[in-house]
Amino acid sequence: MRAMGVTQTNLPSRAPLWVRPLWVLTALVLLVGAAALGFRTHAEAVVRQGARAAGLMLAGKAAGLLAAMLVMLQFSLSARLKVLDRAFGLDRLLRVHRYFGASAGLLACTHPVLLFMTGVYPLGSFRWKLWPEFLGAIVLSVLFVVVVTSLWRQFLLLPFESWRRIHQLTFVVAAMATVHALSHGSDLAVSWMRLMWLAVFGGYAALFGWVKVIKPHQLLSRPFTVRAVQQLNYNVCCIELVVPPGGEFRHFPGQFAFLRVYGEDISAEEHPFTISSSPSTGGHLSFTIKASGDFTKTVPNARVGDAATIDGPYGRFSYLLRTKPAEELLLIAGGVGITPFLSMLHYLADTQPDRPVTLLWANRTRQDIFAKEDLEEMQKRMPNLGIHHVLSHERDWPGETGFVDEDKLRWLLAEQLKRTCVFLCGPPPMMVSVSAALRKLGVSRRRIHTERFAL
Ligand SMILES: Cc1cc2nc3c(=O)[nH]c(=O)nc-3n(C[C@H](O)[C@H](O)[C@H](O)COP(=O)(O)OP(=O)(O)OC[C@H]3O[C@@H](n4cnc5c(N)ncnc54)[C@H](O)[C@@H]3O)c2cc1C
């Protein structure tokens, strides 16, 4: 790959153009197909129950089938499939995943309500031959728990790992929903319908097995090794890993990966972190991590020689994926949100040192600034790199103080804003306010790219 006359190496391949339309089309066919299966009961019900009951029956069955299909389909969004990540970006896929989940929950609740309203299914009568209905009730209850804990995890103060374990129950939901649909009279009565449903469930189960069992084994069979752990300031450390012998790890600067370290004093949980080193480093890569919670506080406990697995790279937050080769770049970071920009700047220094780039880095105090020598070194190699530190809680700072707001952006970057492409990564409130300020200053939404440190 070449840009501005410089060879770029060690990058992954890009997604073929057909991936997006193909996934959208397949999803549409499956969802419309699932809802249409509910129509089969229509004619039969009109004869037996009349038009109102038939309408309710039709809507109820379509809602149930659609909910089950959504549950199965949406696993493809969260399964971290590289091909879909490269086409859409994992953060966007997970956002759609959340909408699909909430819709599935809503449709699943609507399903029994509409069916009971037909009067065909009397409430409160217990007979063993009604076991598919009882199974349906269990499916609904489990799905309810999964959806509620996903939508309101933070409000419920549920730790991430506990939420993740509850979320795995979605597989049980899909399996029981399939049994419920197949065993229930006319729903999937015709053999081709059963086959189609079983094929979709089979695909879902195979993907689930690959993601939960085969892939972790594969990653662990060729582990990375911790090469160094360095404390960069009072709460940020850098962990450097060596690629396994004979292996390679390609990424775009700015992408992230899921890291798991197997050490004595560090929990073997998997967490997402941006790769802060440049793709041009080849045989090793680094993550720069702020101690912000239970897991991240233990990262400095990793020891040289500890094994680690890296699942990635993921994401589309990279100037190489979002801008034209010569476009001017404005990088705005808040705190540890600098990590994607460390990778981008290192790679730019290696491949396009003359590209005009401005970095605006907001921190609370001067103690929060890290990688200072690194940035100074890059400034020497990149004649068109401007760096502004903005400190919010430092009175005697000779540079910019306060928050990054509309006035500061206008004053520091007035002319640049007309032509620059903006990359923004920082705490959520800062991302919201800086995006709004940029919009007010006339930067179009299309030219603002953001990365949230939350999936
Ligand atoms: C795309 C992306 C890139 C990131 N890059 C960096 C980086 O370069 N440097 C850095 O310091 N931090 C980065 N983070 C944030 C980092 O993942 C969290 O700070 C870390 O997972 C918190 O874990 P904890 O147990 O220490 O904190 P906790 O207080 O337990 O968790 C804080 C929050 O982090 C999220 N989180 C926790 N565990 C996980 C998990 N296993 N998977 C996904 N999210 C989780 C949840 O939203 C949780 O509410 C990134 C996050 C994302 C999504």
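Remember, it's 1-based here, ligands and their atoms both numbered in the order they're listed.
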Colleague: Donor-acceptor pair, distance only, cut-off 3.5 Å: does the side chain of R303 make one with the backbone of N301?
Modeller: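 The answer is yes, because a donor-acceptor pair under 3.5 Å joins these two groups.
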
Colleague: Between F160 and ligand 1, which part of the residue brings a heavy atom under 4.0 Å of the ligand: side chain, backbone, both or neither?
Modeller: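 For F160, the contact with ligand 1 is made by the side chain alone.
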
Colleague: Looking at atom 51 (C) of ligand 1, is any protein heavy atom nearer than 4.0 Å to it?
Modeller: yes

Colleague: N/O of R164 under 3.5 Å from N/O of ligand 1, yes or no?
Modeller: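 Yes.
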
Colleague: Of R452, K297, H271, which has the heavy atom at the shortest distance from atom 38 (N) of ligand 1?
Modeller: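 Nearest option to atom 38 (N) of ligand 1, by heavy atoms: H271.
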
Colleague: Tell me whether G315 reaches ligand 1 (any heavy atom closer than 4.0 angstrom to a ligand atom).
Modeller: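 G315: no contact with ligand 1 (<4.0 Å).
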
Colleague: If you measure from each non-hydrogen atom of T296 to ligand 1, which part falls under 4.0 Å: side chain, backbone, both or neither?
Modeller: both

Colleague: Which part of A454 is near ligand 1, with near meaning a heavy atom under 4.0 Å away: side chain, backbone, both or neither?
Modeller: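 Near ligand 1, A454 shows its backbone, while the atoms from C-beta on stay back.
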
Colleague: Does any N/O atom on T274 come nearer than 3.5 Å to any N/O atom on ligand 1?
Modeller: yes

Colleague: With a heavy-atom distance limit of 4.0 Å, tell me whether T288 approaches ligand 1 through its side chain, its backbone, both, or neither.
Modeller: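 Backbone only; the side chain of T288 stays clear of ligand 1.
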
Colleague: Nearest heavy atom to atom 41 (N) of ligand 1: which of K290, R153, Q255, E270 does it belong to?
Modeller: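 Ranked by closest heavy atom to atom 41 (N) of ligand 1, first place is E270.
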
Colleague: Tell me whether R80 forms a cation-pi arrangement with F258, defined as NZ or CZ under 6.0 Å from the six-membered ring centre and within 45 degrees of its axis.
Modeller: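 Because its charged atom sits under 6.0 Å from the ring centre and within 45° of the axis, R80 does stack over F258.
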
